[in-house]
Amino acid sequence: MNYPVNPPSQPDLDRGTGSMKITGARVIVTCPGRNFVTLKIETDQGVYGIGDGTMNGREKAVVAYLEEHIIPLLIGRDPRRIEDIWQYLYRGAYWRRGPVTMRAIAAVDVALWDIKAKMAGMPLYDLLGGRSRDRVMVYGHANGSDIAHTVDEVGRYISEGYKAIRAQTGIPGLDKAYGISKDKKFYEPAEGELPLETVWDTRKYLNYVPQLFDKLRDTYGFDHHLLHDVHHRLTPLEAAQLGKRLEPYSLFWMEDSTPAENQEAFRLIRQHTTTPLAVGEIFNTLWDCKDLIQNQLIDYIRTTIVSAGGLTHLRRIADFASVWQVRTGSHGATDLSPVTMGTALHFDTWVPNFGIQEYMRHTPETDAVFPHDYRFDDGFLLCGETPGHGVDIDEALAAKYPYSPKQLPVARLEDGTLWNW
Ligand code: GCO
Ligand code: MG
């Protein structure tokens, strides 16, 4: 490798032009309830950083990409050159974009930002440009087996201080609906070694969901933000119909109402409804949402740190979105590790066009493996003041939870046709 040739390492942190090198990088896979892929990058100055590369149900693909194709390129590089390393991994691979590549790049990128902020002695938000707000509004997940149960669950979230709540309900006549947990607290879709088969019926869903929001507004009034995730199940026209029917209940957003591979599909939805639209948790780059944003076809972009190449690329998406008055709404399901959550909170604290942050609580086992300094307070999350992104990994504890293969479910129509889960 002919880049870079650094002088010998310095005994003290050198923030100027002196040398600094990446001396090692390791992937740590752990399953404290569900699988997480973490990259730890070490430097010759004793400072290390960690990044998340988890892809639910396809974890090992990212592990292999990191171990076989990225780590060998990192050793000896100057970790302070975050942008150059990002470009090197993105352009340099020739094969661009995609969920595996962009997660692997994200893991590196976040670990490098962690290192840089630790060296600067700053919480990450300060390095990004400082606070734009004091605290980060989050939405929690209320889900129930039917409308009555979901209404009770929303009440529970309100009593816990949440200002914004996502409401999902089981659908009469459908055995399993997206977002409904078995144990009432932690919804975790990746369950079996083989994908669970679920059945979907659009008519039953469209008949029932507007009744849920009618009941919720009737019971709790209009003071709280309510959100709903359609999880890619509708056609554009059906999504337009649902958006229209939900207008009287003034939702904060309707999420992923139709698959967005074809960004133009949102134009039809947009023409028919004023219900705010959110999309983006499965996007990996600005190119996946460029048309949606510049044509103002959405209101919230939900792409987050781990899926979109880390902070370096996510802030580029956010800046682009700000031109079109599109705000952020980062994905924050439990399959994103606390490392992504902690980093997202620093991003949220800084980003001028912040909208909202999704927040599903991790299990106590996961929280113990990833000690962190962010905390929930009265409907808001607050990132800490520790230099870096404020999340660490307890490697000894992580080693006690070996990888356990699990897959996301699939959905079929009642006649057996494979549908979008
Ligand atoms: C959300 C998401 C999740 C995804 C999950 C897949 O809005 O939080 O839709 O529930 O289904 O992240 O791994
Ligand atoms: Mg979603």
Side-chain angles (χ1 to χ4, degrees), residues 31 33-37 52-62 99-100 102-103 106 138-143 157 162 164-170 176-182 185-192 195-196 198 200 205 209 225-234 239 242 251-260 266 276-284 288-289 298-308 328-341 344 355-363 366 381 404-411 419-421:
C31 185
R34 62 162 331 290
N35 294 307
F36 296 109
V37 173
D52 177 26
T54 307
M55 178 158 67
N56 202 4
R58 293 290 186 272
E59 298 85 2
K60 289 290 184 88
V62 185
V100 178
M102 298 312 289
R103 276 179 173 76
V138 298
Y139 69 91
H141 285 205
N143 49 64
Y157 275 83
Y162 283 83
I165 302 134
R166 185 186 98 159
Q168 305 292 136
T169 176
K176 296 208 163 45
Y178 160 77
I180 311 307
S181 60
K182 288 180 305 190
K185 195 158 186 199
F186 300 110
Y187 169 64
E188 172 46 60
E191 291 181 275
L196 180 75
T198 66
W200 174 254
Y205 169 82
V209 162
H225 299 297
L226 295 178
L227 302 83
H228 182 67
D229 189 350
V230 183
H231 221 262
H232 323 273
R233 301 298 166 90
L234 302 178
L242 179 62
L251 263 59
F252 188 93
W253 77 36
M254 176 170 79
E255 173 182 336
D256 286 348
S257 53
T258 198
F266 274 68
L277 303 175
V279 70
E281 69 185 35
I282 67 170
F283 293 167
N284 306 120
D288 298 326
C289 48
I298 56 171
D299 302 279
Y300 296 93
I301 180 69
R302 299 200 61 252
T303 312
T304 194
I305 306 282
V306 64
S307 49
T328 66
S330 287
H331 186 203
T334 42
D335 48 283
L336 315 180
S337 96
V339 179
T340 284
M341 179 53 78
I356 200 166
Q357 169 68 51
E358 181 179 18
Y359 176 48
M360 279 175 85
R361 289 158 295 184
H362 286 109
T363 60
T366 298
L381 275 173
S404 158
K406 293 199 177 73
Q407 304 233 15
L408 285 166
V410 296
W419 199 243
N420 308 305
W421 177 75

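One-based numbering, in listed order, for ligands and for the atoms of each. Just so you know, residue 1 is the first one in the sequence shown, and it goes up from there.
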Met360 heavy atom under 4.0 Å from ligand 1: no
Where is the tightest heavy-atom contact between [X] and [Y], given as atom of each residue plus distance?
X	Y	result
His228	Leu251	CB-CD2, 4.0 Å
Ser337	Phe36	CB-CD2, 3.3 Å
Asn35	Thr54	O-CG2, 3.4 Å

Between Tyr178 and Trp200, ring centroids under 6.0 Å: no
Part of Arg166 with heavy atoms under 4.0 Å of ligand 1, whether side chain, backbone, both or neither: side chain
Mode of Tyr139 contact toward ligand 1 - side chain, backbone, both, neither (heavy atoms, under 4.0 Å): neither
For the Mg ion (ligand 2), every protein N/O/S atom that sits closer than 2.8 Å, waters excluded: Asp229 OD2, Glu255 OE2, Glu281 OE1
Approximate separation, where rounding is to 0.5 Å, of Tyr300 OH and Leu277 CG: 10.5 Å
Approximate separation, where rounding is to 0.5 Å, of Leu227 CG and Ile165 CD1: 9.0 Å
Contact (N/O only, under 3.5 Å) between Asp335 and ligand 1: yes
Out of all atoms in ligand 1, which are within 4.0 Å of some heavy atom of [X]? Include the element for each.
X	result
His231	4 (C), 9 (O), 11 (O)
Ala333	3 (C), 8 (O), 12 (O)
Trp421	11 (O)
His331	1 (C), 2 (C), 3 (C), 8 (O), 12 (O)

Intermediate values then yes/no, side chain to side chain contact (heavy atoms under 4.5 Å, CB included), Leu336 and Met341: CA-CA 7 Å; Leu336 315 180; Met341 179 53 78; over 6 Å; no
Pair Asp229 + Arg166, salt bridge at N-O below 4.0 Å: yes
Plane angle bin for Trp421 and His231 - parallel if under 30°, tilted between 30 and 60°, otherwise perpendicular: perpendicular
